[in-house]
Amino acid sequence: MYGKERWNLGDISSTAFHRRLFWLVLAVLTTSTLFLLSRTNSKISSFRPPSPEVHPVAVPPAKEPVKVPEPWRFDTHRDGLNYGLSDEQCDAAFPDIFQELTRARDHIIKSKGSITKEDVHVDRKEEYKGRQHGEFHVMIFDGQLYIIKEVPGEPDRSRGLAALANMYRALSSIPDPKSIPNIEFIFDIEDVAQDANHKPDRVRWTWARRTENPWFWVMPDFDGWAYPDDGVASYPQFREDVAELELGYRNGWDEKPSKLSWRGSLAVNTQLRGDLVAAAKGHNWSDVEAIDWHDRSNIMAMQDFCRYQYVAHTEGNSWSGRLRYLHNCDSVPVIHKLDYVAHYYPLLKSSGPQQNFVEVNRNWSDLSEKMEYLIQHPDLARHIAGESTRVFRDRYLTPAAEACYWRRMFKLWRSVMSFEPQSHRVAKDGKIVRRGVSWERFAFRQEKSFEHGFFEEDKTKYDEED
Ligand SMILES: *[C@@H]1O[C@H](CO)[C@@H](O)[C@H](O)[C@H]1NC(C)=O
Ligand SMILES: *[C@@H]1O[C@H](CO)[C@@H](O)[C@H](O)[C@H]1NC(C)=O
């Protein structure tokens with residue numbers, strides 16, 4: 001009975017115990033399942049690609065001191081051959097190179113107000129006496145170079161091609177050639193662009209101008225492309241050759257002979273050049289000789305003038321492009337009083353602490369006195385040579401400076417132009433035709449005659465423009 005009773009008791013109590021145990025196990029199982037489920041869920045969700053909202057917030061960088069950018073400075077070795085400097089860089093590097101251009105612009109404003117369409121055509125027969133000058137009618141339109149017309153003159157037309165190549169280089173070297181304004185102009189390729197056969201107020205782009213002629217716009221001469229003779233491959237290459245030559249003088253200028261070098265033909269500017277030869281004759285500082293083109297035994301390569309402490313310069317038929325080459329020598333330029341102005345001549349200084357050349361009379365009467373003084377005062381002479389290389393070779397006569405000059409010339413010319421260039425025109429038969437020929441095609445076909453403003457094969461497409 002006890003058993004039963006116990007059983008019963010036990011039975012009752014055991015039933016209640018088991019019920020409690022059942023609920024307890026169920027509760028534990030449920031809780032742990034839920035716990036595990038929630039963990040699994042959280043694991044799954046952590047594998048989801050992060051939604052945009054959960055991107056980590058960018059940590060602001062630690063504050064650095066604000067760096068003021070170094071102002072750009074022209075470096076001859078780095079930038080001398082950079083044809084594409086910006087306007088701001090041109091101003092910073094070559095502040096004094098534009099004097100000849102601002103002078104020409106100011107003269108137009110003062111004298112006639114502006115350049116009109118009527119000013120921009122090659123010389124018409126009724127406008128000159130004697131011989132026709134070699135001229136190019138040129139247009140820049142939408143950053144591209146066009147030749148509207150070419151008339152042949154006495155000089156080799158390669159001078160014109162060199163100028164056009166220089167213009168093209170200055171145009172195409174900047175990131176946006178279209179930033180150059182549309183312009184039209186005429187350039188004259190003669191040595192003496194102004195003579196008594198033309199009216200005195202004729203406006204042209206020229207290699208040089210007589211000091212008293214305010215009308216011409218002086219462009220960098222064709223020697224900035226290459227020199228016609230004396231073994232110069234190109235202007236930039238000449239500069240490299242001279243740099244190498246100068247390395248041979250370990251003590252620089254002091255190591256060169258204290259002599260004045262010059263070679264030239266007496267066939268041009270005979271009086272002036274003959275006076276130089278006479279003034280130098282018999283002096284122990286002279287290496288001055290006239291050359292005979294038939295003999296040629298005493299001819300000197302352009303770079304060899306740089307082997308002397310002193311280099312003499314003479315004008316030719318008008319200005320002479322040789323001076324820019326002599327200005328690349330670490331030497332003292334000795335120059336007679338000049339009748340002509342080339343594009344960079346406003347920078348020539350004949351006295352003061354920044355003296356960069358020695359000026360003598362046109363008849364060379366004071367040459368020997370000045371040479372002897374310089375030889376006795378080498379500190380002064382060395383200083384002048386140093387100023388010459390600093391100002392000319394290493395800055396204002398770099399190819400970079402010249403490209404700046406060309407682009408400024410385009411802009412300042414435009415600033416006084418009173419008309420808008422037209423890319424097209426109506427031909428005689430009523431058809432709309434393009435004006436001129438692109439430089440690309442002109443250079444490509446340059447051996448062909450272009451006298452009437454078109455090539456022979458284009459006869460049907462073009463007619464002659466005034
Ligand atoms: C050159 O000649 C001058 C006199 O004219 C003389 O004083 C000088 O010593 C000479 N120089 C040389 C290097 O011979
Ligand atoms: C040389 O030129 C100077 C300056 O122009 C002048 O004073 C002098 O008389 C001239 N000499 C001769 C010989 O012509």
Side-chain angles (χ1 to χ4, degrees), residues 191-192 194-196 208-214 245-246 248-291 298 300 303-320 322-323 326-327 329-342 345-352 354-389:
D191 279 343
V192 182
Q194 181 58 36
D195 52 38
R209 64 177 177 89
R210 278 193 77 91
T211 46
E212 67 273 18
N213 177 354
L245 177 149
E246 299 285 9
Y249 297 95
R250 284 165 158 245
N251 298 317
W253 182 85
D254 289 82
E255 205 176 309
K256 299 178 180 181
S258 296
K259 286 190 170 188
L260 178 71
S261 62
W262 185 84
R263 292 290 183 278
S265 163
L266 299 188
V268 286
N269 222 331
T270 306
Q271 177 79 49
L272 175 87
R273 293 174 171 210
D275 284 350
L276 164 62
V277 173
K281 202 178 169 94
H283 291 285
N284 58 10
W285 46 257
S286 167
D287 195 341
V288 170
E289 286 178 29
I291 52 169
N298 63 350
M300 207 188 271
Q303 68 186 57
D304 289 333
F305 293 113
C306 300
R307 298 186 187 282
Y308 295 78
Q309 282 185 347
Y310 302 91
V311 290
H313 175 70
T314 52
E315 288 182 333
N317 290 317
S318 58
W319 103 108
S320 165
R322 190 190 299 194
L323 186 54
L326 298 179
H327 268 141
C329 304
D330 179 13
S331 306
V332 178
V334 178
I335 310 173
H336 61 81
K337 288 202 171 77
L338 297 167
D339 279 351
Y340 283 85
V341 182
Y345 287 8
L347 294 159
L348 286 165
K349 280 200 170 67
S350 62
S351 63
Q354 288 173 357
Q355 179 176 357
N356 52 36
F357 80 107
V358 172
E359 190 174 60
V360 296
N361 292 329
R362 268 187 93 79
N363 61 16
W364 304 91
S365 58
D366 50 351
L367 177 66
S368 73
E369 171 200 324
K370 287 193 172 164
M371 281 304 300
E372 271 149 34
Y373 185 84
L374 289 163
I375 289 166
Q376 282 159 24
H377 298 85
D379 287 349
L380 171 65
R382 190 188 305 105
H383 176 76
I384 297 170
E387 280 299 293
S388 173
T389 55

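Atom set for the values below is all heavy atoms of this structure, side chains included, hydrogens, waters and symmetry mates excluded. We're numbering straight along the sequence, starting at 1. Every number for a ligand or one of its atoms is a count from 1 in the order of the listing.
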TODO: Please name the pair of heavy atoms, one in C329 and one in F305, separated by the smallest distance, quoted to 0.1 Å.
DONE: SG-C, 4.3 Å

Open item on the list: So if I only count non-hydrogen atoms and take anything under 4.0 Å from ligand 2, which residues does that give, chain by chain?
Closed with: N361, N363, S365

Task: Those residues that, when tested against R273, pass salt bridge (charged side-chain N to carboxylate O under 4.0 Å, His left out) (two or more places apart) - done: none

TODO: Show your working on salt bridge (charged side-chain N to carboxylate O under 4.0 Å, His left out) between E246 and K256 and close with a plain yes or no.
DONE: CA-CA 10 Å; E246 299 285 9; K256 299 178 180 181; 2.7 Å; yes

Task: Salt bridge R362-D339, side-chain N to carboxylate O under 4.0 Å - done: yes

Task: Between E315 and S320: side-chain donor-acceptor atoms closer than 3.5 Å - done: no

Open item on the list: What I want to know is whether E372 and ligand 1 share at least one N or O pair that is separated by under 3.5 angstrom.
Closed with: no

TODO: To the nearest 0.5 Å, tell me how far K259 NZ sits from I375 CD1.
DONE: 10.0 Å

